[in-house]
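Scroll down for the structure; my scribbles are underneath it.
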There are 2 protein chains.
Amino acid sequence: MCVSQVKCAARSHGDSVTSGATRWSGRPSPASGFWNRFHTACHARVVTGDTAEPQGRVPLRAVARVTLDDVARRAGVSAATASRALGDHPHVAEATRHRVREAAAALDYVASPEASRLAGGPTGRVAVLVPHPSRWFFGELIEGLEAELRAAELDLVLFRVGGPEDRRDFFARLPARRKVDAVVVLAFAVDEAEHARLASLGVAVVAAGGRVASYPSVGIDDHRAGRRAVDHLLHLGHRRIGMLAGGDEQRLSPDPDGRSSAWRAALRDAGAEPDEELVATAPWSGEGGAEAMARLLGLSTPPTAVFAHCDEMALGAVRTLRRAGLRVPEDLSVIGIDDHPLAALTDLTTVAQPVREQGRRAGELVVDALRGSAPPRVPPAEMLPTHLVLRGTTAPPGAAR
Amino acid sequence: MCVSQVKCAARSHGDSVTSGATRWSGRPSPASGFWNRFHTACHARVVTGDTAEPQGRVPLRAVARVTLDDVARRAGVSAATASRALGDHPHVAEATRHRVREAAAALDYVASPEASRLAGGPTGRVAVLVPHPSRWFFGELIEGLEAELRAAELDLVLFRVGGPEDRRDFFARLPARRKVDAVVVLAFAVDEAEHARLASLGVAVVAAGGRVASYPSVGIDDHRAGRRAVDHLLHLGHRRIGMLAGGDEQRLSPDPDGRSSAWRAALRDAGAEPDEELVATAPWSGEGGAEAMARLLGLSTPPTAVFAHCDEMALGAVRTLRRAGLRVPEDLSVIGIDDHPLAALTDLTTVAQPVREQGRRAGELVVDALRGSAPPRVPPAEMLPTHLVLRGTTAPPGAAR
DNA sequence: CCTCCGTCCGGAAGCGCTTTCATCACGCGG
DNA sequence: CCGCGTGATGAAAGCGCTTCCGGACGGAGG
């Protein structure tokens, strides 16, 4: 067929190719077809048959591979010197360094990351472990992280580590192995065994969107954020306050009890004994919140206000309430945490947290770890500020006129 | 300080190290500190001073680097044979292959991607170009893609290509260069110059979330989806139908006119001349939709229904309407496209599209391109089905009792 | 005037893998 | 019983880069 290809090497050695070898390179295996076509294009020649490629789908290799040697030659120095010059090593004459830089720029030279890494350099890659990329919170975190990593010329490799089996699989196979310089763990707790496994990667680890002991981390103070929310409801006069808690079977939250304990503490401080009956646990989603809210409505004495662990859950609760014919906030107040963009649209009162900023800071921590000389004695655990955003889903109890 | 390190090599050659060399390796440059600490740990020894690391932050390198040679030795074969065995090449005895596999498994061997790539193999990495990772649509696309790529043991490298300057920067610097086997472009159009640049990467290109001529792609039929939405409104009896169009300065949508042209065509087919006054263009966001809706409300004769290019815009519109004291759908109907999870929560009527599935299929196309032998003559352009989801934001005009 | 010690640079040795080429053992028809 | 094709294997040559070593060179110090 027109896709048959023959190695130059084989060709250049005359027709001494054995039929076996020819068969092998002529019939691309499932794993080699593409590589023949693209990656070894510089060694390969396409032997077009009668049905020549109509689409102009000839090998795409358009840029010639510029190597360090090319740069060195152009600058009139050796490859060793060129490498030193580009790598900002000392003991290179200023003039030489300049010449090499110019040559590199002129040739549009980009070091091969593979060769560089193989010879002892860094990979320039950072792994990001994320439970659920499509949730706004994680998307936002990633966005902040990406911006920072890009500025540092690091690439972001995404690994989804969602359900328990994903998680097991990841830590068992450790696909990030030998592939990255650092790992960022987004918003989930890492247990002892996993910690050990991660440590065996021999890379820097940073946590974002929550705290992980023993790693540098950025996050918010969950307890404080929770207090802000519950205190707001208490301040409005509510005493029977329900809680829609994010389920945490997969330890998605490093501080699963922060928000929950805040609810208890706030109620106690207000002189109201927390009633565990008012806690409904469900997945961190709109559906979860809707379902949990329904459970609370089934109580003989439903709450007059609910505190949801996140905005999605809060919005789910609002839907359940509306469907039940209840008015928000007149009949029941709802507050969340996050300040999801849709919270503004749906007029949801919430406690805002700077999510993208958390990603950004995590990126900085990574860069520090990679570029910095000495790691800090005690891993920094940054807490970014949160603030209450008053909107239309909270009001004093019995506010209906 | 306690972080000073000396190369084993330098040490083993006795104390012939020059003071210059010592100075250089002893004082980690901004770019080398971390690498000394982690990556070249196997060549380095930590010379702890009096202030020994108290945190037990000794070099983390815990796993010994297992090389192909180790595997080969254990299996009692040469490295060449081991490589062939693991790479599924022919001409390897079944028994040998088996032995090598076992040895590799036992040693927990993972090929060094750098070395592999350098020697002509694939990188096992796929670049994903995404405009806006925190938007649900893209997150979902990424999630689908990731699942598929993971199954094929490919890593996903994320590049945010958002605003025009990002875009220019990306295509100018082409950071994916020499780093990936394929590129997936999410939901944005690629112009001629960019196409050429991408082609120069010498990798496979796939588009998802929209069509891009000359690349294999997956997406939905925007025109058809738009028709479904507008036809629904027409069917309910609306004739004065507004449109909240997603702004497309950055050519975020490969088929910018698909949804818009659907609106025109549907109206014409229904015997109503489309009134361009009823088109409000704004960013693809809740805020954008809210603002665009406000503009339409300012018309002397506002529409009785609006078709939004996406659910976020539709939700923004709903907020504007509520704030204006209008009831949805009694006073004005609203329909979107996407079936965003919050659409279900907010009872928004919409045209659902299988976003995650698009990501998944894009992943398959990538794998096909990489593993497949011959690229298809004409790049496949898959259209995934959409369907109308009836909820509570649409009703016949004047439905208020 | 001759060391000694810097600076600056080139040669060369790998990094861990894939692939080519040569070799070897085997079984077969002549 | 020899030559030869065939399948299985090993030795070795790179891939492009970083880094080590030592040589050349020049100025300071004896």
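Side chains included, hydrogens not; waters and symmetry mates left out as well; all remaining heavy atoms used. This one's a predicted model, so the numbers in the text were calculated from it and none came from an experiment.
H91(A) places its NE2 atom 14 Å from the C1' atom of dC21(D), with the value rounded to the nearest Å. Going from atom OH of Y109(B) over to atom P of dG16(C) covers 10 Å, rounded to whole Å. Straight-line distance from the CG atom of D70(A) to the C1' atom of dC17(D): 13 Å, rounded to whole Å. Atom CG of D69(B) and atom P of dA11(D) are 11 Å apart (whole Å). Rounded to whole Å, the distance from CG on L118(B) to C1' on dC17(C) is 8 Å. Here dC17(D) presents its C1' atom at 12 Å from CD of E114(B), a figure rounded to the nearest Å. For the pair R73(B) CZ and dG16(C) C1', the computed distance is 13 Å after rounding to whole Å. Between the C1' atom of dG16(C) and the CZ atom of R117(A) lies a distance of 11 Å, rounded to the nearest Å.
Of the charged side-chain nitrogens involved, at least one lies within less than 4.0 Å of a carboxylate oxygen, so that E114(A) and R125(B) count as a salt-bridged pair. Electrostatic pairing of R197(B) and E194(B) does not count as a salt bridge here, judged by no charged N lying under 4.0 Å from a carboxylate O.
In terms of modelled atom types and a separation under 3.5 Å, the side chain of R84(B) and the main chain of V92(B) share no donor-acceptor contact.
Map T96(B) and T67(A) each onto its nearest nucleotide of DNA chain D; the residue landing nearer the 5' end is T96(B). Toward the 5' end of DNA chain D, the nearer of the two residues A80(A) and G76(B), judged by each one's closest nucleotide, is G76(B).
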Could you list the donor-acceptor pairs under 3.5 angstrom formed between side-chain atoms of residues 99-110 of chain B and any protein atom two or more places apart in sequence or on another chain?
unit_1	atom_1	unit_2	atom_2	d
R99(B)	NH1	A75(B)	O	2.5
R101(B)	NH2	D88(B)	OD1	2.9

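Contact between the side-chain N/O atoms of S116(B) and the OP1/OP2 oxygens of dC17(C) is not found at any separation under 4.0 Å. One finds a side-chain N or O of S83(B) lying less than 4.0 angstrom from the OP1 or OP2 phosphate oxygen of dT18(C).
The T81(A) side chain lies nearest to dC9(C) when the options are dC9(C), dG10(D), dC15(C).
Looking at R84(B), its side chain comes within 3.5 Å of the base of dG10(D) through a donor and an acceptor atom.
With sequence neighbours left out, E146(B) forms a side chain to side chain donor-acceptor pair (under 3.5 Å) with R150(B).
Residue A93(B) is in sugar-phosphate contact alone, with no base atom involved, counting any heavy-atom pair closer than 4.0 Å across all strands shown.
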